[in-house]
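Sequential numbering from 1 along the given sequence is applied to the chain's residues. Keep in mind it's a predicted model, so treat the numbers as computed, not measured.
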Amino acid sequence: MAQSGAHKGIAMRIAAKPTEQEIIEGPQAVSFQIANGNVRQNCILQTELPTKALAQKYLLANWPVIEKMARDALAAGSFEDGQIKLVAA
């Protein structure tokens with residue numbers, strides 16, 4: 001049975017527009033942790049993306065590279081306020 005006027009099998013998502021708070025804050029950062037022996041090391045990835053959702057999606061899509069950057073920073077002792085701060089290019 002064919003559906004008229006409907007797209008079959010296509011799920012479309014519209015990217016969320018920045019909230020008023022996100023507009024005020026500007027480009028969004030996302031936090032994550034990496035294991036450092038028996039403890040967790042807090043890390044922040046600063047992006048140029050307008051929403052937290054997009055920043056999180058970027059983190060997940062680029063996790064292998066971002067994790068390596070964080071581990072390299074950890075090994076070099078590059079901390080700021082007890083956190084590893086990374087910037088997405």
- Quick one: CD on Glu48 to OH on Tyr58, what's the gap to the nearest 0.5 Å? 10.5 Å
- Is there a path of hydrophobic side-chain contacts, each under 4.5 Å between heavy atoms of I, L, V, M, F, W or Y residues, that connects Ile84 with Ile44? no
- Hey, what do you get for CD (Gln56) to OG1 (Thr47), rounding to the nearest 0.5 Å? 10.5 Å
- Item | Which atom of Leu49 lies closest to which atom of Leu54, heavy atoms considered | CD1-O, 3.4 Å
- Task: May I ask you to test the Gln41-Phe79 pair for a side-chain heavy-atom distance under 4.5 Å?
- Result: yes
- Shortest non-hydrogen separation from Gln46 to Ala29 and the atoms involved: OE1-CB, 3.5 Å
- Note on the structure: Closest non-hydrogen atoms of Ala35 and Arg71, given as atom of the first, atom of the second and distance, are O-NH1, 3.0 Å
- Note on the structure: In this structure, NZ of Lys52 is separated from CD of Gln21 (nearest 0.5 Å) by 9.0 Å
- Message: Ignoring hydrogens, what is the shortest heavy-atom contact between Thr51 and Lys17? Give both atom names and the distance.
- Response: CG2-C, 4.0 Å
- Should Pro50 and Glu22 count as side-chain neighbours, where that means a heavy-atom distance under 4.5 Å? no
- Message: For Ile23 versus Pro18, what's the shortest heavy-atom pair and its separation?
- Response: CG1-CB, 3.8 Å
- Do the side chains of Ile66 and Phe32 get nearer than 4.5 Å, heavy atoms only? yes
- Query: Is Val65 reachable from Leu86 through a run of hydrophobic residues whose side-chain heavy atoms are each under 4.5 Å from the next?
  - Reply: yes
- If you round to the nearest 0.5 Å, how far is CD of Glu67 from CG of Leu59? 10.0 Å
- If you take all heavy atoms of Leu45 and Ala88, which pair is closest and at what distance? CD1-N, 3.8 Å
- Task: Look up atom NZ in Lys85 and atom OG in Ser31, then write down how far apart they are to the nearest 0.5 Å.
- Result: 9.5 Å
